[in-house]
Amino acid sequence: MSSSAASPSRGWGTRLGFYLAAIGSAFGLGNLWRFPYVVAENGGGAFVLLYVGLVFLLGLPLLVAELLLGKTSRSGLWLALESLASDKDSGGNLRPRLSWVTHFAPVVLLICVLVLAYYAVISGWVLHFFMQFLVPLFSAQSLEPQRSLDILLNNGWLQAALASVHLLVVGIIVANDVEEGIERWLGYMMPLFVLLLLILAVKSLSLESAPEALRFLFYPDFSQLTFSSLGHAVGHLFFTLSVGFGTMVTFGSYLQERSYIPMAGFRVATLDSMISLFAGILIFPLVLITISAVTGPLLLFQTVPSFFSQIPGGHLFGLGFFLCLYLAALGASIGLLETIVANLRDKLKWSRLQSAVVAASTCWILALLPALSSTVFKGVRLGERGLLEILDGLLIHWMLPITALVVSQLIYYRLERQKMSSEFIDPESLSSVKLYSHWMFVLRYVAPTVIIAALLLQVWGLFF
Ligand code: PFF
């Protein structure tokens, strides 16, 4: 593919290329950094059960819907939604035009930009800890985890600089185009992820706190759930599966003609939730053995480095862990920027380079807000929450469920049935017919009910 092509030619070179990119985009800070603290905030096992159930009940059907929209429209979210909104379907039949959709698609892209901006800041934290583990290998200096964290939190400009480095790396990769950029990079990353996580999980499970951690994670105590728990589970699962951003529409548009979407979606959702659970198994024994009372975005950064600083060989494990986390963050950030770039290319006919530069620079400016949240904007608070957490909550617990709901309903009501069924129904398998009607039922009834209930319960939770 040529990076200067005004209208993008589409297609993954290999089927593996799609999986690497889709899983690379799904697997990120959401699994390793965000999942553990959201589980901790929502009381453990009952939330995990709710979350896993919802991944398959709600997340997977919506993921499949977005992939399908991309594959059938062969375009990113913006153009795909415009065609759903137009007053003629693809058979030329007239229908009411939905003019509000023209404004909705740019809002989704703005969400991508905002998420990438705050994601870049957390990726910068990861880079910082990676360097904190790297430096002692080459000098006599020893690692002091709490001091490392304080350096970061007291210096907003350092956070901004690290986020800038991250955005620069992501921008360079994406500007190089899908085949060259994403497939190759993610191809290198994936085996490394798995190997590092395996070694670290085994290490973590050998700790004396492991049984207690496993009980916390997997024993459901429903009294721990709050009014907000459903909204937190729904928001987090959309975030971690990259649903509601248009990312999966973009990736779907690169899928080969013969790919079977429900299976592709199932593999991505299963692997992603397994990795989240795996991250919980890895992190909670460490949390319990260090400081059990912390929660919030600092959870991982307060507990994991201090654990690694206390065990023999901890430096190397720490280095491996933060390298792994950084690669996960990089893969996910590539997915986000690729989504924005693909849409700008489709709709505005900009070149890949121009789109990548404009998108990454906008993210860079916006990243200043979360980067300076613990210093310059320290006073901006909503109860216990600082600016970074306010932004995180607003985007993930409120905006994302709304965009995912709107996109899914547009697909259900406006995408031609024949297009959906021909992607879904495999003539050689009767069960795919059942699967299709189940999927349609979820899109029509289950998704709106669960998402609206989650939003209403959150509103209720704000007052009571
Ligand atoms: N799914 C990623 C994570 O769990 O960290 C976050 C993400 C990446 C969301 C890419 C959206 C996206 F397009």
Side-chain angles (χ1 to χ4, degrees), residues 6-8 10 22 25 58-59 61-116 238-239 241-255 261 265 335-350 355 358-359 362 395 398-424 439-440 442-444 447-448 451-452:
S7 81
R10 294 184 180 273
S25 153
L58 182 67
L62 265 55
L63 171 66
V64 167
E66 290 197 5
L67 286 173
L68 199 142
L69 176 63
K71 191 177 168 208
T72 54
S73 67
R74 289 282 167 219
S75 63
L77 184 80
W78 200 336
L79 286 190
L81 288 186
E82 281 191 352
S83 73
L84 292 185
S86 78
D87 54 6
K88 271 197 202 115
D89 68 13
S90 56
N93 304 312
L94 285 177
R95 60 186 182 184
R97 190 178 136 69
L98 304 175
S99 41
W100 57 269
V101 171
T102 333
H103 308 293
F104 172 71
V107 171
V108 180
L109 286 192
L110 182 68
I111 294 178
C112 289
V113 170
L114 285 166
V115 168
L116 181 54
F238 289 151
F239 178 72
L241 293 179
S242 312
V243 166
F245 294 88
T247 313
M248 291 300 169
V249 180
T250 304
F251 286 171
S253 76
Y254 298 144
L255 268 174
I261 291 181
L336 268 168
L337 189 60
E338 173 61 29
T339 304
I340 306 166
V341 165
N343 277 286
L344 294 178
R345 295 182 74 198
D346 274 357
K347 175 70 187 168
L348 306 178
K349 306 282 179 250
W350 289 358
S355 313
V358 171
T362 313
L395 288 169
W398 297 92
M399 306 292 284
L400 213 48
I402 295 175
T403 57
L405 176 64
V406 174
V407 172
S408 69
Q409 296 312 292
L410 281 171
I411 295 173
Y412 178 81
Y413 286 103
R414 306 285 288 205
L415 192 62
E416 286 85 63
R417 291 286 183 273
Q418 178 270 331
K419 278 191 184 167
M420 297 205 252
S421 59
S422 65
E423 284 298 338
F424 224 103
W439 177 68
M440 294 295 269
V442 171
L443 284 191
R444 180 165 188 190
I451 296 175
I452 292 170

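For this chain, numbers begin at 1 and follow the sequence in order.
Considering only heavy atoms from C-beta on, Leu98 stays 4.5 Å or farther from Tyr413 through its side chain. Side chains of Pro106 and Lys347 form no contact here, defined as non-hydrogen atoms less than 4.5 Å apart. With a 4.5 Å cut-off on side-chain heavy atoms, Met440 and Phe424 do not count as touching. Looking at Ser408 and Glu66, their side chains never come closer than 4.5 Å, going by heavy atoms from C-beta outward. The side-chain heavy atoms of Thr403 and Ile111, taken from C-beta on, include a pair separated by under 4.5 Å. Side-chain contact between Leu69 and Leu410 is absent, with no heavy-atom pair separated by less than 4.5 Å. Contact annotation: the side chain of Ile411 never approaches that of Leu68 to less than 4.5 Å [non-hydrogen atoms, C-beta and beyond]. The side-chain heavy atoms of Asp346 and Trp78, taken from C-beta on, include no pair separated by under 4.5 Å.
To the nearest 0.5 Å, atom NZ of residue Lys71 and atom CE of residue Met248 are 15.5 Å apart. Remark: Asp87 CG to Asn93 CG distance equals 11.5 Å, nearest 0.5 Å. The distance from atom CG of Leu94 to atom CG of Asp89, rounded to the nearest 0.5 Å, is 8.5 Å. Taken to the nearest 0.5 Å, the CG atom of Leu63 stands 11.5 Å off from the CZ atom of Phe251. Summarising the geometry, atom CD1 belonging to Ile402 is positioned 10.0 Å from atom CD1 belonging to Ile452; distances are rounded to the nearest 0.5 Å. Rounding to the nearest 0.5 Å gives a distance of 6.0 Å between CG of Leu67 and CD1 of Ile261.
Between Gly92 and Lys88, the shortest heavy-atom distance links the atoms O-CD, 3.8 Å. Between Ser355 and Trp350, the closest heavy-atom pair is OG-CB, 3.4 Å. Minimum heavy-atom separation, Gly265 to Val64: CA-CG2, 4.3 Å. Contact between Ile340 and Cys112 at its shortest, heavy atoms only, is CG1-CB, 3.7 Å. Of all non-hydrogen atoms in Ala105 and Leu81, the two that sit nearest each other are CB-CD1, 4.2 Å. Annotation for Gly244 and Val108: closest pair O-CG1, 3.6 Å, computed over non-hydrogen atoms.
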side-chain hydrogen bond (donor to acceptor under 3.5 Å, both in side chains), that's the test. Do Ser25 and Thr247 meet it? Break it down for me. CA-CA 8 Å; Ser25 153; Thr247 313; 5.0 Å; no
- Query: Can you list the steps and then say if Val115 with Phe239 is a side-chain contact (heavy atoms from CB on, under 4.5 Å)?
  - Reply: CA-CA 10 Å; Val115 168; Phe239 178 72; 3.9 Å; yes
| task | Take Leu109 and Val113 through the side-chain contact (heavy atoms from CB on, under 4.5 Å) test and state the conclusion after the steps. | result | CA-CA 6 Å; Leu109 286 192; Val113 170; 5.5 Å; no
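No hydrogens or angles considered: nothing links the side chains of Ser73 and Ser83 as a donor-acceptor pair under 3.5 Å. In this model, no donor atom of one side chain and acceptor atom of the other lie less than 3.5 Å apart for Glu423 and Thr72.
Not a single donor-acceptor pair under 3.5 Å links the side chain of Arg444 to the backbone N or O of Trp439. Judged purely by atom type and a 3.5 angstrom limit, Asn343 uses its side chain to pair as donor or acceptor with the backbone of Leu77.
For Arg74 and Tyr254, the positive end is not near the middle of the six-membered ring at less than 6.0 Å and at most 45° from its axis.
Annotation for Met399: atom CE does not count as buried by contact number, only 12 or fewer foreign heavy atoms lying within 6.0 Å.
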